[in-house]
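Just below is one structure, and these are the notes that go with it.
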Amino acid sequence: MTETFTGHKGLELEVPLLFEEGSYEKSGVDMPAAEGVTSRLGDLGADEAVELPAFSEPQAMRHFVRLSQKNYAIDMGIFPLGSCTMKHNPRLNEKMARLPGFADLHPLQPTSTTQGALELIHELQDWLCEMTGMPAVAMSPKAGAHGELCGMMAIRAAIVAKGEEKTRTRVLVPESAHGTNPATAAQCGFSVDKLPGTADGRVDIDALKAKLGDDVAAIMVTNPNTCGLFERDIREMADAVHAAGGYFYCDGANFNAIVGKARPGDLGVDAMHINLHKTFSTPHGGGGPGSGPTVLSDALAPFAPIPAVVKDADGFHIVESASEGFEQNFGRMVAFHGQMGMFVRALSYMLSHGADGLRQVAEDAVLNANYVRVRLAEEMTQGYAGPCMHEALFSDVWLKETGVGTLDFAKAMIDEGFHPMTMYFPLVVSGAMLIEPTETESKASLDEFCDSLLGLAKAAKAGDKERFEQAPRFAPRKRLDETSAARKPVLRWTPPLSTEAMAAE
Ligand SMILES: *Cc1c(COP(=O)(O)O)cnc(C)c1O
């Protein structure tokens, strides 16, 4: 493809780094020099300029808006990343989150002035407990992985309280698990023991039972699992681990598929994080923000972290220390109470859907995934036979003879205007492609997506390798060296040499 001379194209401008674009010599604002002011810093004041690039307001706006044009977003089209639940974020939620009574609070304000916000947190707690059938919830974790840490720390605290910390050291994690599960177990000082799967993509219950013993602290199981399948033996798994004296951590990131249909509390779960940013549509991606409230069973509730919002006859309070009912708390995970903006958005989403609407969320998410599964199965090989829950999993078996790999196929999707699906995860399926359309895509949008993928699949099978090897041809950046980016990240910008310094070299 012909490049332009400047790198600009299609009304999009190339964007240099902020540091390359702005100049140190200028100032973005005109202010008269302060006169007759002596700095109270004495010799501690900086004697050199900090060398931040200076921008006027329109320059700064343009820099960031141009960058944002290079970003893909759920507001631009389907974002089929499996496991991530990239659904539409209703604008009503945004409007609620921006109400000054929520947005402009300071976490250290006296609670007499924040009763409305505390009531909102309390009400959200009630909804989460109701939907999951669990007696308690810790609101402060700030992401799914942080919620896992919360749940596993509660499990560890319960084990310590029983005096079993020396013996209960092993955690069983299925081989298809999200990487955060073994990472969390290891972070909490447990050893990780891999659970094999069955040929139909689920946990092998017999293998699980064979691994149980006095040294097992917990199992960590995702349901629906990372292959997009419901773990049918979940109740039996829970009973078996409880009989062995261990706890059941459920990764609740896929709650979108079962909200309003099944309650984790009825399935024997002891702890489960809920990704508000996935199931309850608070915007995420690019590293945040997130929110991972963690529901806890009666056995773990006493160990929940502080702070906690409680209600009594005088109103709402924040429990900040080991006090009545919170003597055994395992400590504090964050400075304050969690992600207020995410709480507001999630409750707004729940209230606008209502109980019946939330059930329909799960039904439509599963329907959409199965629609995609059946349409794409015309050309692509399913990871596991049969219907799926909220995400459709394909392997690269159908690509085997074509010389095109999962990565090439995903990159070619970019040229067609679609963000790729999750690739090479879960690890149990060769060259995995995991597609999660979510309930917020229309049939028209799903058809457009499926037509495009089927077209690409046919091109791959017809031997049009070049189209794939060179993809993406139309993106502002082509194939990146992802390995070097991960192994040798450049985290610091070094200013180019000044003219004098260059002359001196
Ligand atoms: C997203 C996800 C997590 C981690 O959640 P974060 O909010 O990204 O930390 C854990 N497990 C599964 C299955 C997930 O999909």
Side-chain angles (χ1 to χ4, degrees), residues 74 79-87 89 128 138-153 171 173-188 192 195 197 201-203 218-231 234 248-259 264 269 271-295 333-334 338-339 341-343 345-346 362 365 369 383 388-393 421-429 432-438:
I74 187 68
F79 213 139
L81 277 180
S83 217
C84 297
T85 315
M86 306 298 283
K87 63 168 84 172
N89 312 123
L128 293 174
M139 296 300 286
S140 58
K142 290 194 171 185
H146 206 207
E148 284 176 41
L149 186 64
C150 173
M152 292 305 285
M153 286 177 82
V171 170
V173 183
E175 54 190 359
S176 63
H178 194 271
T180 49
N181 294 184
T184 301
Q187 182 79 21
C188 288
V192 177
L195 276 174
R202 292 168 174 89
V203 171
I219 57 169
M220 295 182 85
V221 171
T222 312
N223 203 15
N225 68 23
T226 55
C227 300
L229 302 170
F230 194 80
E231 293 286 357
I234 185 163
F248 182 4
Y249 187 88
C250 182
D251 180 330
N254 295 337
F255 194 48
N256 201 50
I258 57 169
V259 58
V269 168
M272 181 182 94
H273 73 266
I274 299 164
N275 303 60
L276 294 187
H277 46 294
K278 294 180 181 172
T279 310
F280 301 108
S281 86
T282 67
H284 62 294
S291 185
T294 304
V295 288
M333 300 194 74
V334 298
Q339 301 278 41
M342 299 293 111
F343 296 161
R345 290 178 177 91
C388 58
M389 294 293 285
H390 61 306
E391 42 196 8
L393 174 62
M421 67 290 264
T422 290
M423 293 179 282
Y424 301 106
F425 175 79
L427 305 177
V428 288
V429 164
M433 296 175 222
L434 185 64
I435 301 176
E436 179 177 6
T438 83

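Numbers here simply count residues along the sequence, with the first being 1. Computation of the quantities below employed the complete heavy-atom set of this structure, encompassing side-chain atoms and omitting hydrogens, waters and symmetry-equivalent molecules. One-based numbering, in listed order, for ligands and for the atoms of each.
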Donor on one side chain, acceptor on other, Glu231 and Asn223, under 3.5 Å: no
Under 3.5 Å: N or O atoms of ligand 1 paired with protein N or O:
residue	atom	partner	partner atom	Å
ligand 1	5 (O)	Asn275	ND2	3.0
ligand 1	7 (O)	Gly144	N	2.7
ligand 1	7 (O)	Asn275	ND2	3.2
ligand 1	7 (O)	His277	NE2	2.7
ligand 1	9 (O)	Gly144	N	3.3
ligand 1	9 (O)	Ala145	N	2.8
ligand 1	11 (N)	Asp251	OD1	3.3
ligand 1	11 (N)	Asp251	OD2	2.6
ligand 1	15 (O)	Ser83	O	2.8
ligand 1	15 (O)	Ser83	OG	2.7
ligand 1	15 (O)	Lys278	NZ	2.7

For Cys188, the side chain to side chain contact (heavy atoms under 4.5 Å, CB included) test, sequence neighbours excluded, returns Leu149, Met152, Met153, Arg156, Phe190
Check against side-chain contact (heavy atoms from CB on, under 4.5 Å), Val334 and His146: CA-CA 10 Å; Val334 298; His146 206 207; 3.5 Å; yes
Under the rule for ring-ring contact (aromatic ring centres under 6.0 Å, His included), what residues qualify as partners of Phe425, not counting sequence neighbours?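 If we apply the ring-ring contact (aromatic ring centres under 6.0 Å, His included) test to Phe425, skipping adjacent residues, the hits are His178.
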Looking at Gln187, I want to see if its CD is surrounded by more than 12 non-hydrogen atoms of other residues, nucleotides or ligands under 6.0 Å.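 Counting neighbours around CD of Gln187, 12 or fewer heavy atoms of other residues, nucleotides or ligands fall under 6.0 Å, so no.
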Output all residues satisfying salt bridge (charged side-chain N to carboxylate O under 4.0 Å, His left out) with Lys87, sequence neighbours left out; order by chain, then residue number.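 So Lys87 forms a salt bridge (charged side-chain N to carboxylate O under 4.0 Å, His left out) with Glu439.
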